Amino acid sequence: MTRSKLDVISCLATNFNQPIADLVTKLLCVQLPDEQDGKPRSAEVDYSICLVVMLIVAFEAWMARARHFDLKVVASRSNKSDV
């Protein structure tokens with residue numbers, strides 16, 4: 001098997017579960033300003049941005065795995081010896 005045909009699957013998506021949970025906990029612990037119209041605090045914005053980025057990366061990793069395994073299923077179904 002050549003290096004170009006080697007299938008490598010990322011398992012990064014499951015590694016984001018704990019950091020995402022930690023960010024949600026930290027975001028919920030941030031004290032809100034007393035003013036209703038006050039600007040959000042820097043920590044609140046930072047945690048929110050990090051949380052969104054990590055959720056997007058985790059989602060993309062899961063989608064890449066799903067696409068990879070879906071292509072393998074389609075390829076094996078088209079193979080006459082498997083039917």
Side-chain angles (χ1 to χ4, degrees):
M1 180 181 292
T2 64
R3 179 76 174 154
S4 62
K5 294 191 180 221
L6 182 64
D7 292 331
V8 178
I9 301 297
S10 171
C11 59
L12 292 176
T14 56
N15 293 331
F16 285 113
N17 292 341
Q18 187 61 44
I20 288 171
D22 292 341
L23 282 174
V24 169
T25 303
K26 289 179 182 180
L27 180 61
L28 293 175
C29 291
V30 171
Q31 295 293 324
L32 296 176
D34 294 336
E35 304 170 5
Q36 292 293 336
D37 297 329
K39 290 185 177 181
R41 294 186 179 176
S42 176
E44 190 176 1
V45 172
D46 293 342
Y47 287 137
S48 299
I49 291 171
C50 291
L51 186 59
V52 168
V53 168
M54 289 185 77
L55 286 169
I56 290 171
V57 170
F59 179 75
E60 286 297 323
W62 281 113
M63 292 305 296
R65 287 179 64 85
R67 278 192 299 269
H68 174 78
F69 288 122
D70 188 43
L71 288 176
K72 279 192 157 190
V73 169
V74 170
S76 68
R77 285 184 185 164
S78 66
N79 194 357
K80 299 285 186 198
S81 63
D82 291 342
V83 177

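Because the structure is predicted, anything quoted here is derived from the model rather than measured. Just so you know, residue 1 is the first one in the sequence shown, and it goes up from there. We use all heavy atoms of the structure for the numbers below, so side chains are in, but hydrogens, waters and symmetry mates are not.
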Name each donor-acceptor pair under 3.5 Å that joins a side chain in residues 47-63 to protein atoms two or more places apart or in another chain, with its distance.
{"unit_1": "S48", "atom_1": "OG", "unit_2": "E44", "atom_2": "O", "d": "2.8"}

Which pairs with one or both residues in residues 18-30 pass side chain to side chain donor-acceptor pair (under 3.5 Å), sequence neighbours excluded? Q18-D22

For the CG atom of L27 and the CD1 atom of I20, what is their distance to the nearest 0.5 Å? 13.0 Å

